[in-house]
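Before any comments, here is the structure.
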Amino acid sequence: MPIRFFNTLTRTKEVFEPIAAPHVGLYTCGPTVYNFAHIGNLRTFLFEDLLRRHLKYRGYQLQHVMNLTDVEDKIIRTCRETGESLKSLTGRFAQAFFEDLDTLGVERAEIYPAATDHITEMVDIIKKLRENGHTYEANGSIYFKLSSFPQYGQLSKFKLDELKTNASGRVDSDEYETEDARDFALWKAYDDDDGAVFWETELGKGRPGWHIECSCMSMKYLGESFDIHCGGIDNMFPHHENEIAQSEAATGKRFVKYWLHSAHLFVDNRKMSKSLGNFYTLRDLLAKGHDPIAIRWALISTHYRQPSNFTFEGLEAATESLRRVRDFRRRLEEVRIAGDGLGELDASCEKAFGDALDDDLNISGAIAAVFDFIREVNKLIDSEVTGKGGAERALALLDRVNTVTGLFGAGAKEETPAEILALVTERQQARRAKDFKRADEIRDQLLGAGWVLEDTPDGPRVKKA
RNA sequence: GGCGGCAUAGCCAAGUUGGUAAGGCAGAGGCCUGCAAAGCCUUCAUCCCCCGGUUCGAGUCCGGGUGCCGCCUCCA
């Protein structure tokens with residue numbers, strides 16, 4: 001079954017055919033590092049993580065680039081307001097960003113280029129655009145002349161004349177130095193508000209516009225034409241549209257073959273906002289005691305093009321699903337009888353799992369395939385058909401689907417404290433003596449201490465509640 | 001005003017080229033258990049926002065309508 005992706009350029013699912021298989025060039029718009037990522041940002045990064053893991057699972061060799069935007073209006077404003085230097089601010093939050101990725105089990109991209117490390121390359125592209133007649137200057141700033149790129153709007157399907165009409169009603173022309181309100185800045189001339197944030201270049205003293213960094217860094221590391229470019233749907237216009245204009249005007253080549261955009265995350269059916277009190281960072285959720293993989297589950301388990309609604313009820317459901325997976329793994333590890341007895345269940349599960357993801361990353365179908373597998377194997381363990389050999393194969397399957405999803409791993413090893421084990425032993429003695437009252441007291445006591453006790457045919461076991 | 005998306009059980013959510021509604025959570029009953037827990041079984045949408053149409057047959061295509069949301073300005 002071929003891989004198919006919904007390409008925003010054509011608004012259809014297309015068979016994925018890389019420009020130079022088995023190599024795949026993937027560029028994903030990264031964070032603006034001036035504060036902590038919120039769970040909406042993280043949803044997009046998790047979708048991109050699923051994409052990269054599945055491409056690797058299918059044997060592609062990935063070159064995945066994610067930029068770090070470390071110079072931009074909001075960053076400069078924050079620096080001005082707090083007095084912190086740009087390097088210090090962006091360094092702190094870049095580190096926090098990587099910590100969040102680690103917490104959620106997000107694989108690292110091959111390259112994380114920072115905008116401020118690529119000023120020279122950006123200047124080169126802007127010069128090239130200037131030579132080709134795609135720019136004009138106003139008050140020291142350099143703008144992209146949209147009228148020089150008639151194909152503009154191919155991604156968002158916005159029409160140039162309509163944009164113009166509507167912009168005129170909303171934009172105070174006094175604030176625009178551009179010839180046309182639709183034009184966007186490639187290079188911004190220095191302003192006193194920029195403080196210490198500027199570069200002296202052939203284009204003058206100033207800083208790059210926001211859009212140019214992605215054109216520059218994607219083409220530097222992936223070539224002038226590459227396979228996949230991702231981002232949140234809100235970046236489709238104007239950011240990605242502008243990237244296409246800059247890049248294709250500069251090179252004369254098609255910039256990107258497949259554009260994939262993820263839908264937004266809502267919280268309690270509302271757009272996240274601090275004023276509504278429904279704005280969460282990963283750290284907020286961890287502080288409430290939620291398992292990071294359960295958070296991963298909640299954020300990744302809705303198809304990426306579907307608007308998703310985050311709720312704590314949903315997070316609890318994800319936590320339960322994860323508990324079920326981990327209990328199943330533990331059960332497999334404890335199978336003692338000899339033999340295999342798994343049949344073709346692992347192969348059929350993996351087939352259904354892979355087919356689902358091949359179809360534009362249908363994660364719901366993929367998860368369903370694994371749950372079908374879990375139910376069938378549990379049944380076979382109950383009836384003592386599946387033995388140790390089969391259990392090992394089942395665990396191997398879980399490990400494989402885990403490399404793609406990050407949802408089916410073992411979870412942290414829990415060391416059972418000696419005093420807990422002592423209570424378990426004492427309870428066993430009570431049970432043997434038919435002192436069930438005492439046995440139940442101890443079980444309640446354990447639960448109070450955060451440990452769930454389960455009696456199995458092979459004896460009692462405890463796990464963290 | 002322009003462009004676009006979404007509406008499936010209490011909640012989340014999947015449904016290829018139309019063929020007779022995945023999966024998870026929660027709930028109910030049962031098996032198992034000293035009792036539980038875990039696991040398993042059964043149950044949980046005669047119906048997929050509404051109204052028309054095409055078809056032997058539509059959640060799935062066409063037309064109309066209602067509701068919610070997004071983008072057009074920084075935004076994952």
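As the structure is a prediction and not an experimental result, all values here were calculated from the model. Just so it is clear: chains get the letters A, B, ... in the order the sequence lines come, proteins before strands, and each one is counted from 1.
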Open item on the list: From CG of D444(A) over to P of C35(B), roughly how many Å is that when rounded to an integer?
Closed with: 16 Å
- [ ] Report which part of the nucleic acid L265(A) touches: base, sugar-phosphate, or nothing (heavy-atom distance under 4.0 Å, all strands).
- [x] base
- [ ] Could you work out the separation of G52(B) and C25(B) based on their C1' atoms and round it to a whole Å?
- [x] 38 Å
Open item on the list: Please enumerate all residues that pass side chain to side chain contact (heavy atoms under 4.5 Å, CB included) together with R92(A), with sequence neighbours excluded.
Closed with: E84(A), L89(A)
Open item on the list: Using whole Å, what does the distance between atom C1' of nucleotide A14(B) and atom CD of Q306(A) come to?
Closed with: 10 Å
Open item on the list: Strictly by salt bridge (charged side-chain N to carboxylate O under 4.0 Å, His left out), give each pair with a member in residues 30-48 of chain A just once, sequence neighbours left out.
Closed with: none
Open item on the list: Does the protein touch nucleotides 24-32 of chain B at the base, only the backbone, or not at all? Give it as B, S and - per nucleotide, heavy atoms under 4.0 Å.
Closed with: SSS------
- [ ] Could you work out the separation of A58(B) and C48(B) based on their P atoms and round it to a whole Å?
- [x] 11 Å
Open item on the list: Within the 4.0 Å heavy-atom criterion, would you say H38(A) contacts the bases, only the backbone, or no part of the nucleic acid?
Closed with: base
Task: Whole-Å distance separating the CG atom of D382(A) from the P atom of A38(B) - done: 14 Å
TODO: Identify which nucleotide among C3(B), A14(B), C35(B) has an atom closest to any side-chain atom of K157(A), counting heavy atoms from C-beta outward.
DONE: C3(B)
Open item on the list: Tell me whether the side-chain N/O atoms of N378(A) come closer than 4.0 Å to OP1 or OP2 in C40(B).
Closed with: yes
- [ ] Using a heavy-atom cut-off of under 4.0 Å over every strand shown, decide if R331(A) touches base, sugar-phosphate, or nothing.
- [x] sugar-phosphate
- [ ] Using a 4.0 Å heavy-atom cut-off across all strands, classify N362(A) as base, sugar-phosphate, or nothing.
- [x] sugar-phosphate
TODO: Would you indicate which nucleotide in C74(B), C71(B), A76(B) comes nearest to any side-chain atom of E72(A)?
DONE: C74(B)
Task: For atom CZ of R296(A) and atom P of C12(B), their distance in whole Å - done: 23 Å
TODO: Check step by step if ring pair (Phe, Tyr, Trp, His ring centres under 6.0 Å) holds for F198(A) and Y190(A).
DONE: CA-CA 7 Å; F198(A) 64 85; Y190(A) 181 75; 5.3 Å; yes
Task: P gap between C68(B) and U8(B), integer Å - done: 15 Å
- [ ] Determine whether the side chains of N67(A) and Y27(A) contain a donor N or O and an acceptor N or O closer than 3.5 Å.
- [x] yes
Task: Which nucleotide in A38(B), G4(B), A13(B) has an atom nearest any side-chain atom of D327(A) - done: A38(B)
Protein-nucleotides 58-61 of chain B N/O pairs closer than 3.5 Å?
none

Open item on the list: Could you walk me through whether R296(A) and T405(A) satisfy the side-chain contact (heavy atoms from CB on, under 4.5 Å) test, starting with their C-alpha distance in whole Å, then the side-chain angles of each, then the deciding distance to 0.1 Å, before giving a yes or no?
Closed with: CA-CA 9 Å; R296(A) 178 184 177 92; T405(A) 59; 5.7 Å; no
Using residues 103-112 of chain A as the side-chain source, report each donor-acceptor pair under 3.5 Å to any protein atom, sequence neighbours left out, with the distance given to one decimal.
from: T103(A); atom 1: OG1; to: E99(A); atom 2: O; distance (Å): 2.9
from: E107(A); atom 1: OE1; to: R52(A); atom 2: NE; distance (Å): 3.0
from: E107(A); atom 1: OE1; to: R52(A); atom 2: NH2; distance (Å): 3.3
from: E107(A); atom 1: OE1; to: K56(A); atom 2: NZ; distance (Å): 3.3
from: R108(A); atom 1: NH2; to: D102(A); atom 2: OD1; distance (Å): 3.1
from: R108(A); atom 1: NH2; to: D102(A); atom 2: OD2; distance (Å): 3.1
from: E110(A); atom 1: OE1; to: R52(A); atom 2: NH1; distance (Å): 3.1
from: E110(A); atom 1: OE1; to: H64(A); atom 2: N; distance (Å): 2.9
from: E110(A); atom 1: OE2; to: R52(A); atom 2: NH2; distance (Å): 3.3
from: Y112(A); atom 1: OH; to: A109(A); atom 2: N; distance (Å): 2.9

Task: Donor/acceptor link under 3.5 angstrom from R305(A) side chain onto base of G5(B) - done: no
Open item on the list: Using heavy-atom distances to pick each residue's nearest nucleotide on RNA chain B, tell me which of L453(A) and G365(A) is more 5'.
Closed with: G365(A)
- [ ] Report the distance from atom CG of L407(A) to atom P of G23(B), rounded to the nearest whole Å.
- [x] 18 Å
Open item on the list: So that I can tick it off, tell me whether D340(A) and R393(A) are bridged by a salt bridge, with the cut-off set at under 4.0 angstrom between side-chain N and carboxylate O.
Closed with: yes
TODO: Decide side-chain contact (heavy atoms from CB on, under 4.5 Å) for C349(A) and E376(A); before the verdict, give the C-alpha distance in whole Å, the side-chain angles of both, and the deciding distance to 0.1 Å.
DONE: CA-CA 10 Å; C349(A) 170; E376(A) 291 306 312; over 6 Å; no
Task: Side-chain N or O of K437(A) closer than 4.0 Å to phosphate OP1/OP2 of A36(B) - done: no
TODO: Not counting sequence neighbours, which residues clear side chain to side chain contact (heavy atoms under 4.5 Å, CB included) with N7(A)? List them please.
DONE: L9(A), T10(A), E14(A), Y258(A), W259(A)
Task: Base paired to A13(B) (Watson-Crick or G-U; both N/O distances under 3.5 angstrom) - done: none
Task: Closest nucleotide among G70(B), C72(B), A76(B) to the F266(A) side chain - done: G70(B)
- [ ] Scan G314(A) against the nucleic acid and name what it touches under 4.0 Å (heavy atoms): base, sugar-phosphate only, or nothing.
- [x] nothing
Task: D360(A) side chain to Y304(A) side chain, donor-acceptor N/O pair below 3.5 angstrom - done: yes
TODO: Would you check if the distance from the ring center of H38(A) to the ring center of F279(A) is below 6.0 Å?
DONE: yes
Open item on the list: So R427(A), base contact, sugar-phosphate only, or nothing? Heavy-atom distance under 4.0 Å.
Closed with: base
TODO: Report the nucleotide, chosen from G23(B), A76(B), C71(B), that has the shortest atom-to-atom distance to any side-chain atom of F237(A).
DONE: C71(B)
Task: C31(B): pairing nucleotide in any strand, Watson-Crick or G-U under 3.5 angstrom - done: G39(B)
Task: Sidechain N-carboxylate O distance under 4.0 Å for D440(A), R427(A) - done: no
Task: Pairing partner of A26(B) (Watson-Crick or G-U wobble, both distances under 3.5 Å) - done: none
Open item on the list: Regarding F47(A), tell me which of base, sugar-phosphate or nothing describes its non-hydrogen contacts under 4.0 Å with the strands shown.
Closed with: nothing
Task: Most 5' of V452(A) and N309(A) on RNA chain B, judged by nearest nucleotide - done: N309(A)
TODO: Calculate the interatomic distance between L146(A) atom CG and C72(B) atom C1'; express it in whole Å.
DONE: 14 Å
TODO: Would you indicate which nucleotide in A14(B), G39(B), G34(B) comes nearest to any side-chain atom of R443(A)?
DONE: G34(B)
TODO: Would you indicate, yes or no, if G39(B) has its OP1 or OP2 atom less than 4.0 angstrom from a side-chain nitrogen or oxygen of K379(A)?
DONE: no
Open item on the list: Could you tell me the Watson-Crick or G-U partner of A58(B), where both distances fall under 3.5 Å? Say none if there is no partner.
Closed with: none
- [ ] Could you tell me which nucleotide pairs with C48(B) by Watson-Crick or G-U wobble geometry, both distances under 3.5 Å, or answer none if nothing does?
- [x] none
Open item on the list: Taking donor-acceptor contacts at under 3.5 Å, does the side chain of R461(A) reach the base of G39(B)?
Closed with: no
Task: Any donor-acceptor N or O pair under 3.5 Å, side chains N309(A), T311(A) - done: no
Open item on the list: Any strand counts, and the cut-off is 3.5 Å on both contacts for Watson-Crick or G-U wobble. Which nucleotide pairs with G70(B)?
Closed with: C3(B)
Open item on the list: Under 4.0 Å, heavy atoms only, any strand: does N235(A) hit a base, just the sugar-phosphate, or nothing?
Closed with: sugar-phosphate
Task: Atom-pair distance (CZ on R330(A); C1' on G39(B)), nearest Å - done: 14 Å
TODO: Starting at atom NE2 of H240(A), determine the distance to atom P of C71(B), rounded to an integer number of angstrom.
DONE: 15 Å
